[in-house]
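Have a look at the structure below before the remarks.
In each ligand, atom 1 is the first atom listed, and ligand 1 is the first ligand listed. Computed from heavy atoms alone, side chains included, the values below leave out hydrogens, waters and symmetry copies.
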Amino acid sequence: MGEMTVDVAAVNRPETSSDNIYIENVSHGYRGRHGTVIALEDINLVFQAGEFTCIVGPSGCGKSTLLDLVAGLQQPLSGSIRHGGRIIDGPNEACAMVFQQPALFPWMSVLENVVIGPAAHGISRRDAEERARLLLSKVGLSKVTGAFPHELSGGMAQRVGIVRALALDPAILLMDEPFAAVDAQTRIRLQDEVKALVEESGTTVIFVTHDVGEAVYLGASVIVMSGGPGRVISCRPMEEASNDKRSSYFVETAAEIMDMLLGPGA
Ligand code: ADP
Ligand code: MG
């Protein structure tokens, strides 16, 4: 691909809103025995409020690190991240996270796993339970609200993980390869469920995946990163036709992004 500069701000619509997430000149690394490993180098991105953005890139290019920075779980070595009119310099309360494994509390029922977050944030037990039941019904889990995590399939457990995050009504939902551990058919259903849930709630979503088709299908924009050190090599809005996996737009866009990931001569 050679040297490539992407004017992400120009591609990524320039409207300003304090609800957007602004990543400005961010570099980050980890200190080790052999000096600092640069994980992210000079990242400039705007995540539009209420938009679903997908990130694809090779293992180790810093995708999880970027989510950590947005969540305020780590501070960048240089540059800044802004959201809600302030620089993120500590845990960002606006964020909820979903990982590959949902890490449910094994001693709590499905319902309790969902209710505990909002209840801890001061929502009344009654309201938290009502919201939990509604969200669980939207992902087809009404019949298992009393079940325990070990009784669930991988797909069901991940649905609980997603509902648990959304039950907090977060402004930002960070999803780090959330469907990597479920089977292909479940994955397709989960994609549509998540799409419907966040469309309804207006949540800003940053969704990391290895699956290019998933990124094109779900994302209103797709960011492509390269590794060693992690950089943004492309950021493009998706057209409406990306919602149709059989459209030529979908197939061509996925192929173009795959080519970017594989690099020249692939
Ligand atoms: P990705 O999620 O894209 O696979 P990561 O953000 O996990 O990438 O990692 C980016 C780079 O930073 C990798 O080289 C990884 O080895 C390194 N790294 C990530 N977390 C740590 C850590 N806690 N300590 C040291 N190095 C880390
Ligand atoms: Mg990762």
Between V205 and V212, is there shared hydrophobic-cluster membership here, with clusters defined by ILVMFWY side-chain heavy atoms closer than 4.5 Å? yes
Does either side chain, that of T65 or that of D68, offer a donor lying less than 3.5 Å from an acceptor on the other one? no
Contacting atoms of ligand 1, where contact means under 4.0 angstrom from a heavy atom of A39: 10 (C), 11 (C), 12 (O)
Assess G57 for proximity to ligand 1: is some non-hydrogen atom of it under 4.0 Å away? no
Just jot down the ring pair (Phe, Tyr, Trp, His ring centres under 6.0 Å) partners of H28, sequence neighbours excluded, or say none. Y30
I23 vs L66 side-chain heavy atoms within contact, under 4.5 Å: yes
Please find out if the Mg ion (ligand 2) and some N, O or S atom of S59 are separated by less than 2.8 Å. no
I need the atoms of ligand 1 closer than 4.0 Å to a non-hydrogen atom of S59, numbered in the order shown. 4 (O)
Tell me the protein heavy atom at minimum distance from atom 25 (C) of ligand 1, and give that distance in Å. Y30 CB, 3.3 Å
For atom 11 (C) of ligand 1, find the nearest protein heavy atom and state the residue, atom name and distance (0.1 Å precision). G60 O, 3.6 Å
Pairwise distance CG(L197) to CD1(I162) - rounded to 0.5 angstrom: 8.0 Å
Within the 6.0 Å centroid threshold, strictly below: F179 and F207: yes
Measure the distance from atom 5 (P) of ligand 1 to every protein heavy atom, then report the residue, atom name and distance (to 0.1 Å) of the closest one. T65 OG1, 3.7 Å
Less than 4.0 Å is my threshold; does some heavy atom of G32 fall inside it relative to ligand 1? no
Give yes if a backbone or side-chain nitrogen or oxygen of C61 is under 3.5 Å from a nitrogen or oxygen of ligand 1, and no if not. yes
